[in-house]
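Only this structure's heavy atoms are used, side chains among them; waters, hydrogens and symmetry mates stay out. Order of the sequence lines sets the chain letters (A, B, ...), proteins ahead of strands, with each chain counted from 1. Quantities reported herein were computed from a predicted structural model and do not represent experimental measurements.
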Number of protein chains: 2
Amino acid sequence: MTDPSTILRDHGLSVTAQRLAVLRAVAACPHGTADRIAEMVKSEIGSISKQAVYNALGTLVEKGVIRRIQPAGSPALFENRIGDNHHHLICRTCGKTVDIDCAVGKTPCLHASHHHGFHIEEVEVIYWGTCPECRPQD
Amino acid sequence: MTDPSTILRDHGLSVTAQRLAVLRAVAACPHGTADRIAEMVKSEIGSISKQAVYNALGTLVEKGVIRRIQPAGSPALFENRIGDNHHHLICRTCGKTVDIDCAVGKTPCLHASHHHGFHIEEVEVIYWGTCPECRPQD
DNA sequence: GTAAAAATATTGACTTATTCCATATTTTTT
DNA sequence: AAAAAATATGGAATAAGTCAATATTTTTAC
């Protein structure tokens, strides 16, 4: 678990209070929205502009420090668990999102049958369902 | 290939010129956005309101006549190929979207390793990559 | 086939998530 | 510490879609 400032520097980024706080918030709140992250940061360092949150999140995603997922019908979510090819299971009713290990094996867990000449970089898998709390009692 | 009016009736929907045209447009233009569909419909029947397009698409999705996919960073796309559990391969650069048969087998092709008590209804798989046209020549 | 009831379409305002831009501030470099 | 580079701020702007009231069309019942 490397020190946040070092993480930023190692990726060629300036170290700012905003970025550090955003990084901490993403770690503390997996699958949080930009809005949620912004609130967490505000309660930690007093204030941050909406734009700085988006900038920080965007840059961190770009540098591979965090990951962005964009489920249908939801604002983007951010998480700091990266590099393990895990997927997500999302409740259609309440939006609860949990991590799911790759169904098949390690890394590139799927191969398209016909790739149409595409160079495939990533496979995104989202499981949609209903969580225990939202399921009507049987 | 059932007649469009019959499809609508069979799903308990009134038959309107707008719905018929939207249905035809989705068939003619797989992976089209609501906007694209609207334009096609306009060029076919003269005019349609934005809302009617969204209503028709929404209702048709609800009734299982067409399918909606919502790739990250893109407006929703619609297609009439349904019921065969196929997936999508999308170019990160130009957005070109092609159908991909299920990688593993027929229907429910994936099973979450730990489902956290969720009732899983659907699995969405998107392959992200670069299409031949967008790939830098080697 | 027509009138009433139900469903759908239209228009236009509104919302949500996000980006753009110009200026101010902070961080890094020298 | 000063200059250069990078980042933050505030506010306007955008894209995709929804909401709500009214008008029109479609279906149902006679």
Give the nucleotide from the list [options] with an atom nearest to the side chain of [X].
X	options	result
V15(B)	dA8(D), dT27(D), dG17(D)	dT27(D)
S14(B)	dA16(D), dT18(C), dT26(D)	dT26(D)
Y54(B)	dT18(C), dG17(D), dA8(D)	dG17(D)

Would you mind classifying the nucleic acid contact of [X] as base, sugar-phosphate or nothing, using non-hydrogen atoms under 4.0 angstrom?
X	result
Q51(B)	base
A56(A)	nothing
T16(A)	sugar-phosphate

Measure [atom1]/[X] against [atom2]/[N] and give the value in whole Å, please.
X	N	atom1	atom2	answer
K42(B)	dT10(C)	NZ	C1'	12 Å
L77(B)	dA15(D)	CG	P	17 Å
L13(A)	dT27(C)	CG	P	14 Å
H11(A)	dT7(D)	NE2	P	14 Å
K63(B)	dA7(C)	NZ	C1'	12 Å
I48(B)	dT24(D)	CD1	P	17 Å
N55(A)	dT9(D)	CG	P	9 Å
L8(B)	dA7(C)	CG	P	16 Å

Of all heavy-atom pairs between F118(B) and R135(A), which one has the smallest distance, and what is that distance? C-NH1, 4.3 Å
Correct closest heavy-atom pair for C131(A) and C91(A) would be N-SG, 3.3 Å
Please determine whether any donor N or O and acceptor N or O are separated by less than 3.5 Å between the side chain of K50(B) and the base of dG17(D). yes
Checking side chain to side chain contact (heavy atoms under 4.5 Å, CB included) for the pair V65(A)/L23(A): CA distance, chi angles, key distance, verdict? CA-CA 9 Å; V65(A) 179; L23(A) 205 41; 3.8 Å; yes
With side chains defined as the heavy atoms from C-beta onward, is the minimum distance between H88(B) and D99(B) less than 4.5 Å? yes
Pick the nucleotide of DNA chain D nearest each of A17(B) and S47(A); which residue has the one closer to the 5' end? S47(A)
Tell me whether I7(A) is reachable from V15(A) by hopping between hydrophobic residues (I, L, V, M, F, W, Y) whose side-chain heavy atoms are closer than 4.5 Å. yes
For Q18(B) and for D35(A), find the nucleotide of DNA chain C with the closest heavy atom, then tell me which residue's nucleotide is more 5'. Q18(B)
